[in-house]
Protein chains: 2
Amino acid sequence: MSMKRTSVLLLILLSFYFSSGNCGKVLVWPTEYSHWMNMKTILDELVRRGHEVIVLTSSASILVDPSKPSTIKFEVYPTSLSKDVFEALFMKQIKRWIYDLPKYNFLSYFSHVQEISWNYYERIRHLCKDVVSNKKLMAKLQESKFDVVLADAISPCGRPTTLSETMGKAEMWLIRTYWDFDFPRPFLPNVDFIGGHHCKPAKPLPKEMEDFVQSSGGNGVVVFSLGSMVSDLTEERANVIASALAQIPQKVLWRFDGKKPHTLGPNTKLYKWLPQNDLLGHPKTKAFITHGGNNGIYEAIYHGVPMVGIPLFADQADNIVRMKTKGAAVAVDFSTMSSTDLLNALKTVINDPIYKENAMKLSRIHQDQPIKPLDRALFWIEFVMRHRGAKHLRAAAHDLTWFQYHSLDVIGFLLACVVTVIFIITKCCLFCFQKFTKPGKKGKRD
Amino acid sequence: MSMKRTSVLLLILLSFYFSSGNCGKVLVWPTEYSHWMNMKTILDELVRRGHEVIVLTSSASILVDPSKPSTIKFEVYPTSLSKDVFEALFMKQIKRWIYDLPKYNFLSYFSHVQEISWNYYERIRHLCKDVVSNKKLMAKLQESKFDVVLADAISPCGRPTTLSETMGKAEMWLIRTYWDFDFPRPFLPNVDFIGGHHCKPAKPLPKEMEDFVQSSGGNGVVVFSLGSMVSDLTEERANVIASALAQIPQKVLWRFDGKKPHTLGPNTKLYKWLPQNDLLGHPKTKAFITHGGNNGIYEAIYHGVPMVGIPLFADQADNIVRMKTKGAAVAVDFSTMSSTDLLNALKTVINDPIYKENAMKLSRIHQDQPIKPLDRALFWIEFVMRHRGAKHLRAAAHDLTWFQYHSLDVIGFLLACVVTVIFIITKCCLFCFQKFTKPGKKGKRD
């Protein structure tokens with residue numbers, strides 16, 4: 001459940017009036033970490049096009065940071081949680097998923113995933129309550145007359161409602177996948193697939209990093225990151241990984257913020273932060289070791305880089321399976337892998353040309369679209385503002401009750417007709433039978 | 001059946017190699033009349049972009065006319081039918097649909113529609129046989145190494161096949177509707193909606209016609225056409241129509257090639273041909289009287305002109321119902337309408353501002369798309385050539401058998417498991433029951 005919903009990025013709800021001119025007022029309900037990094041690309045472009053963007057965020061926000069210089073405006077609401085407590089709560093659940101979950105058996109695994117999800121939604125509910133019960137803030141928002149609400153569907157907040165009701169109310173759904181990553185399936189006209197909208201051509205690397213990359217010669221480099229939420233590992237796992245990396249001829253750039261593993265080879269450099277998109281777009285990059293987050297996978301697809309997937313939590317295993325099925329990745333299991341497993345996986349994606357070919361095929365498909373994903377995202381947000389919605393794209397099925405949707409009312413009526421007709425015919429037959437057979441019986445009795 | 005399929009315009013099948021450079025070789029399997037007029041817009045644009053377009057057409061072709069000057073190339077195959085006979089066969093069935101069908105009751109109506117459809121498909125089969133059994137032609141086509149086949153799905157021709165198989169083989173489906181005309185429903189990623197791709201801003205009218213339009217003053221004009229297949233009517237129906245037109249203050253431009261009706265008013269001018277798109281885009285045009293063909297309806301949507309629909313055959317009644325539901329048209333019944341009915345319908349769409357408002361709303365939706373329908377059609381045709389298909393957009397469901405598609409194999413296996421378990425449990429229980437109850441019974445008997 002949680003896995004499917006992580007892929008859904010945004011839902012757009014129509015709000016008030018479209019301001020004068022071509023510029024509108026956008027209210028944003030974001031989600032932390034990679035979801036925010038992904039959404040920010042759209043918000044920056046909205047601001048660049050002259051729209052006013054106001055992000056609703058709590059005083060405990062982590063990456064959604066109002067103190068950083070930005071052209072985006074922030075409306076910070078107070079919450080009883082502190083930033084440190086909020087971050088610690090997140091990290092506790094993530095570590096539980098990564099280190100504890102693999103120990104459970106099939107059945108208790110899912111009950112623990114459910115518990116972690118409930119923990120997450122309890123926190124979202126807490127934040128949501130701090131917004132909707134804040135009368136001063138709500139009055140201010142209502143007075144602001146926004147043209148559109150851009151909300152990350154993984155953190156629902158609002159009026160009391162259901163997921164199904166929210167889905168029906170959204171004017172437009174922007175999904176952060178495309179058919180390079182996803183498998184073809186039916187969808188409705190008010191859904192657009194904007195996966196990889198944050199990707200762009202690589203910029204030059206910082207001087208020191210470029211020198212390190214160039215020092216790899218013909219062997220090239222491997223880029224390694226486990227995403228915005230995991231920069232640290234247990235000593236044991238870190239050493240298993242470092243030892244595998246030490247055995248490849250490539251140079252390795254590893255985003256890592258923990259204790260330096262003692263098995264670290266001279267070919268591997270640790271960084272607290274990596275310009276991931278620029279590195280993946282570098283001609284010397286041979287492979288990408290990734291946890292399988294949507295952002296990183298799309299940067300690899302965009303630049304055509306084969307992957308070694310070490311999925312950690314949420315939808316990551318699901319994402320890596322997709323890349324594996326499309327022949328652009330090899331997966332290893334984080335909790336059970338040995339140095340040899342990781343080494344073999346790396347050797348495979350680097351030395352077997354089919355992985356690079358498949359990654360390049362995905363890249364060509366991704367880059368050959370009628371218009372770019374970011375422009376499509378912007379088009380639909382502006383469309384909803386321009387036309388005060390996108391009603392012509394909305395399936396009428398949303399207005400049906402569940403029994404109408406499954407035609408149970410029609411089937412019920414037809415069944416009632418059939419039953420009535422059978423009843424009437426039976427009654428008639430019985431009546432006739434009794435009428436015409438009684439005299440005969442009487443005769444016999446006489 | 002026929003109605004649904006008329007809306008489907010094109011199916012693109014991948015063929016051989018993509019030629020050098022960015023230009024490809026396109027083989028076209030067209031359909032006559034309005035379908036050809038609609039498809040020709042795409043072919044002209046393909047030629048303009050440097051592609052080589054070869055249209056496969058019979059020696060009996062009607063509107064697909066190789067003798068007309070064109071940058072499109074034609075490959076004419078001989079057929080035993082003459083052009084006159086071919087046209088007469090078409091016209092006979094059309095007249096039957098328009099004048100005879102309304103006389104039948106509900107049940108025999110559909111059997112007659114089926115007969116007309118079979119008549120049509122018998123003719124298509126005849127033409128198709130003339131192509132596939134022409135060995136010299138087939139060898140020539142195979143040697144030509146086309147990059148793509150562009151086929152009108154209403155006239156299927158090929159390998160022996162089924163509609164379902166053909167649907168699965170098509171790389172891309174281009175449907176000539178959009179959500180201004182159609183109602184939102186789920187669709188697959190290899191389907192694009194290019195309705196109205198033939199529409200463009202109005203060009204100036206011929207001098208004489210412009211003078212007539214201007215002479216209407218503030219009342220404006222009404223444009224009237226029954227499509228590319230019907231330019232003539234019975235005297236009785238023509239007089240009913242002419243008499244209604246004579247009673248409105250607007251000037252009327254009527255595409256009509258029959259005997260001049262004696263009730264024709266001085267405000268109505270008959271033309272053998274009308275520059276329909278240019279007239280509908282003229283600021284003086286107040287309404288469009290149409291049979292409800294897809295091309296005309298889209299020109300009216302594009303320019304935001306309210307309609308009076310007089311549906312005659314095929315999908316026309318269905319199309320008009322859509323425009324009526326969206327509040328941009330009033331429908332009248334061709335076979336039963338009186339002059340007053342038509343007059344009232346005309347007065348309604350011209351004088352009630354809601355019809356113009358709704359037509360303008362459809363126009364705004366139509367014109368506000370991320371890229372124009374014609375550019376999208378061209379993009380996907382070129383995409384199929386560039387990538388030798390569009391496999392990443394193809395649902396895997398096409399490869400399933402009908403029982404796999406409905407999961408009957410899975411359900412069957414699970415049912416078999418349940419039955420086996422029940423059988424074993426029952427047998428065990430019976431065995432135990434017999435084992436433990438026999439001594440007791442024996443004892444009693446003893």
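Below, read A as the first sequence line, B as the second, and so on, with proteins coming before strands; counting in each chain starts at 1.
Among B/R394, B/R376, B/R364, the residue with the largest count of heavy-atom pairs under 4.5 Å with chain A is B/R394. Each of A/F379, A/W179, A/F383 has some count of heavy-atom pairs under 4.5 Å with chain B, and the biggest count is that of A/F379. With respect to chain B, the highest number of heavy-atom pairs below 4.5 Å among A/P189, A/A396, A/A397 belongs to A/P189. For the set B/L393, B/N190, B/D368, B/L362, the count of heavy-atom pairs under 4.5 angstrom toward chain A peaks at B/D368.
No more than 12 heavy-atom neighbours from other residues, nucleotides or ligands sit within 6.0 angstrom of NZ on B/K372. Shown here is A/K356, whose NZ atom has more than 12 heavy atoms of other residues, nucleotides or ligands within 6.0 Å. Counting heavy-atom neighbours within 6.0 Å of B/F183 CZ, excluding the residue itself, gives a total above 12. Residue A/K326 qualifies as enclosed at atom NZ: its count of foreign heavy atoms under 6.0 Å is above 12.
Looking at B/I371, only its side chain comes within 4.5 Å of chain A, counting heavy atoms on both sides. Using a 4.5 Å cut-off between heavy atoms, B/F187 touches chain A through backbone and side chain atoms alike.
B/Y178 and A/H392 make their closest contact through OH-NE2, 4.4 Å (heavy atoms, listed as atom of the first residue, atom of the second, distance).
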